[in-house]
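Okay, structure first, notes after.
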Amino acid sequence: MINIPKGTRDMLPDEAYKWHYIEDIARKTAALYGFKEIRTPMFEHTELFLRGVGETTDIVNKEMYTFLDKGGRSITLRPEGTAGVARCFVENGLQQNPMPMKAYYIASVFRYEKPQNGRLREHHQFGVECYGSEAPEADVEVISLAHDFLRRAGLDFAELNINSIGCPECRARYNAALKEYIGQNLHAMCAQCRERFDKNPLRILDCKEEECKKITANAPKITEFLCEDCKAHFDSVRAGLDELGVPYKVNPSIVRGLDYYTRTVFEFVSTDIGAQGTVCGGGRYDRLVEQVGGKPTPAVGFGLGLERLLLVLENTGRLAASESSVEFYVAPMGDAAKKVARQIVAAKRRSGVSAETDIVGRSLKAQMKYADRIRAKYVVVVGDDEIARDEAEIKDMQSGETSRVALSSLLK
RNA sequence: GUGGAUAUAGCGCAGUUGGUUAGCGUGCCAGGUUGUGGCCCUGGAGGCCGUGGGUUCGAGUCCCACUAUUCACCCCA
């Protein structure tokens, strides 16, 4: 017996409708905001993620599916969607198109993690990318799209946390101030934070260790160190969200785990699926395109975990049961009737109406049972009697009532 | 990577202090006279009791290891 690989999931036919449901809402919402679909490869050169996502991140350090292909190239299954889009943008010269470029994707991403509730090795994201505008309106557009999508999907209670981590200049000043504040207390912090102290001090704020949290509780806040431009930008983003009536909370401790973020960062968090509550994470990444080899191009976007979204919707009873069923099940009796049944089914399908007939060789009773199980709306019974009289019996499976119609009317 | 829990039929579960051919519910297939579903009844298929060792006359049951699953930490969607 060969089992499914750790941290992956099968999508069974009976639950396909759930995926169609949220993917449909994603596509429609994206379209309403003028975002078009973009598709990039499932794997890229490893170098892209090293440069794009950042070598100090957990994702790059320990979570990538990396292997050598037969040509000896280092290949990585995409651990997130943004870097690939940035590469695609640069490689295809999309900066020549009218700006902004607004694109979305629905794609699977891969991370070598230890699976738990809401965390998989392959999961699916609905992501959005907006390139070519550094205006706060772009941030607002992207955040409100995420908010709108979640609301349409039925998740109207996820909390939006936002923060600004400034531009590289503000961050340098802030990092210096943070290091000075921590100063002598560094030895009391966890091993990981001591490492962060040198590599990426900002992430110390993200630490969940009690001791570390105590030390950083009264640390200076990055928002106090923002330069004039970054401060104005953050203020405008908030004003824009207020204007649209999108509720949010400013949370100075969210800093995100990917190195490419600048200025605005945000998360939508749900409390209904246990520890892995972040359903959507995103922000601005003005330096990414440059890091990947393109001309400086400001950008904002988000990634939204579809498995987690479904988990929340299911846990809170917001996902309706499937309503799909066939319109007609045609139950033949005898060889002559089988041929007529095939003709009826073909005619129905030709005119866009779903129809099925027996392909197993079951008795009439068994066919009725099957039709019931698949929730067929109508069953058409055809036997020698019906053929002789040129009519068929139609049974409404809900009411149980039967009526007779001319065979010719079913064959149109 | 670190901790805890679990592993018996497709799914959900029983299985006594170790003792014959391992059960129940549900689902699946077929029947309950001549051509009709849902309820009821009957029958059938389906299990190397996660894998490998050990203890024992005897292991689904006890011990060890491994593997897988799962929850939490870390991190993230």
Side-chain angles (χ1 to χ4, degrees), chain A residues 1-10 12 14 53 56-63 78-82 106-127 146 150 158 190-193 196 203 206-210 212 254-258 266-270 273-282 301-312 329-334 337 360-386 392-402:
Chain A
M1 180 63 191
I2 298 169
N3 297 313
I4 193 169
K6 193 196 257 287
T8 63
R9 287 244 200 286
D10 293 316
L12 305 176
D14 282 349
V53 178
T56 64
T57 62
D58 276 14
I59 290 182
V60 167
N61 270 321
K62 44 186 202 188
E63 295 178 358
R78 62 174 168 225
E80 54 91 57
T82 297
I106 295 174
S108 52
V109 300
F110 307 85
R111 292 179 201 170
Y112 192 85
E113 303 220 46
K114 195 154 170 185
Q116 68 188 64
N117 196 16
R119 198 175 69 188
L120 298 163
R121 288 190 172 177
E122 179 191 19
H123 77 275
H124 297 79
Q125 290 191 5
F126 166 44
L150 290 172
C190 70
Q192 208 177 0
C193 280
R196 287 167 172 154
R203 295 200 53 78
D206 220 12
C207 189
K208 308 296 191 288
E209 294 284 333
E210 272 314 311
C212 301
I254 74 160
V255 297
R256 310 290 309 149
L258 294 88
F266 63 92
E267 290 178 0
F268 284 86
V269 181
S270 163
I273 50 173
Q276 312 300 321
T278 304
V279 170
C280 172
F302 66 74
L304 193 150
L306 297 181
E307 278 85 354
R308 282 191 190 171
L309 173 59
L310 281 175
L311 213 51
V312 182
Y329 179 85
V330 185
M333 299 198 57
V360 177
R362 281 195 255 239
S363 69
L364 179 64
K365 182 173 177 153
Q367 290 190 64
M368 293 303 295
K369 209 165 184 167
Y370 174 74
D372 183 48
R373 294 284 308 168
I374 64 170
R375 279 172 301 159
K377 291 200 182 73
Y378 299 99
V379 171
V380 178
V381 180
V382 195
D384 293 340
D385 295 358
E386 283 76 10
E393 184 187 283
I394 293 189
K395 182 166 190 169
D396 180 323
M397 291 299 274
Q398 187 131 33
S399 67
E401 284 163 15
T402 62

Please measure how far the P atom in B:C13 lies from the corresponding atom in B:C76, and state the result in whole Å. 34 Å
Just call it for A:R9: base, sugar-phosphate, or nothing, with non-hydrogen atoms closer than 4.0 Å on any strand. sugar-phosphate
C1' gap between B:G60 and B:A9, integer Å: 14 Å
Selection from B:A72, B:A77, B:G35 that lies nearest to any side-chain heavy atom of A:T278: B:A77
Contact class for A:E307 (heavy atom, under 4.0 Å): base, sugar-phosphate, or nothing? nothing
Between B:G23 and B:A14, how far apart are the two C1' atoms, rounded to whole Å? 7 Å
Could you measure between the two P atoms, the one in B:G38 and the one in B:C29, and give it in whole Å? 13 Å
Could you state the CG-P distance from A:N3 to B:G50, rounded to the nearest angstrom? 14 Å
Should the pair A:R121 and A:Y112 be classed as cation-pi, given the thresholds of under 6.0 Å to the six-membered ring centre and 45° from the axis? yes
Quick check for you: among B:C75, B:U2, B:U36, whose closest atom lies nearest to any side-chain atom of A:L364? B:U36
Does the separation of the ring centres of A:F302 and A:F268 fall below 6.0 angstrom? no
Could a donor-acceptor pair under 3.5 angstrom be found where the side chain of A:R119 meets the base of B:C71? no
Please determine if A:R362 forms a cation-pi arrangement with A:Y370, meaning its NZ or CZ atom is less than 6.0 Å from the six-membered ring centre and no more than 45° off the ring axis. yes
Which value, in whole Å, describes the distance between the P atoms of nucleotides B:G12 and B:G27? 15 Å
Using only modelled atom types and a 3.5 angstrom limit, is any donor from either the side chain of A:K114 or the base of B:G1 paired with an acceptor on the other? no
Using only heavy-atom distances, decide whether a donor-acceptor pair under 3.5 angstrom links the side-chain of A:R308 to the base of B:C76. yes
Span that lies between the P atom of B:U51 and that of B:U69, in whole angstrom: 16 Å
C1' atoms of B:G15 and B:G3, separation to the nearest Å: 31 Å
Pairing string of RNA chain B (Watson-Crick or G-U wobble, both atom distances under 3.5 Å; | = paired to other strand) is (((((((..((((.....[...)))).(((((.......))))).....(((((..]....))))))))))))....
Regarding B:U36, can its base be found pairing with the side chain of A:Q367 as donor and acceptor, where the two atoms are less than 3.5 Å apart? no
Side-chain donor or acceptor of A:K369 under 3.5 Å from a matching atom on the base of B:U36? no
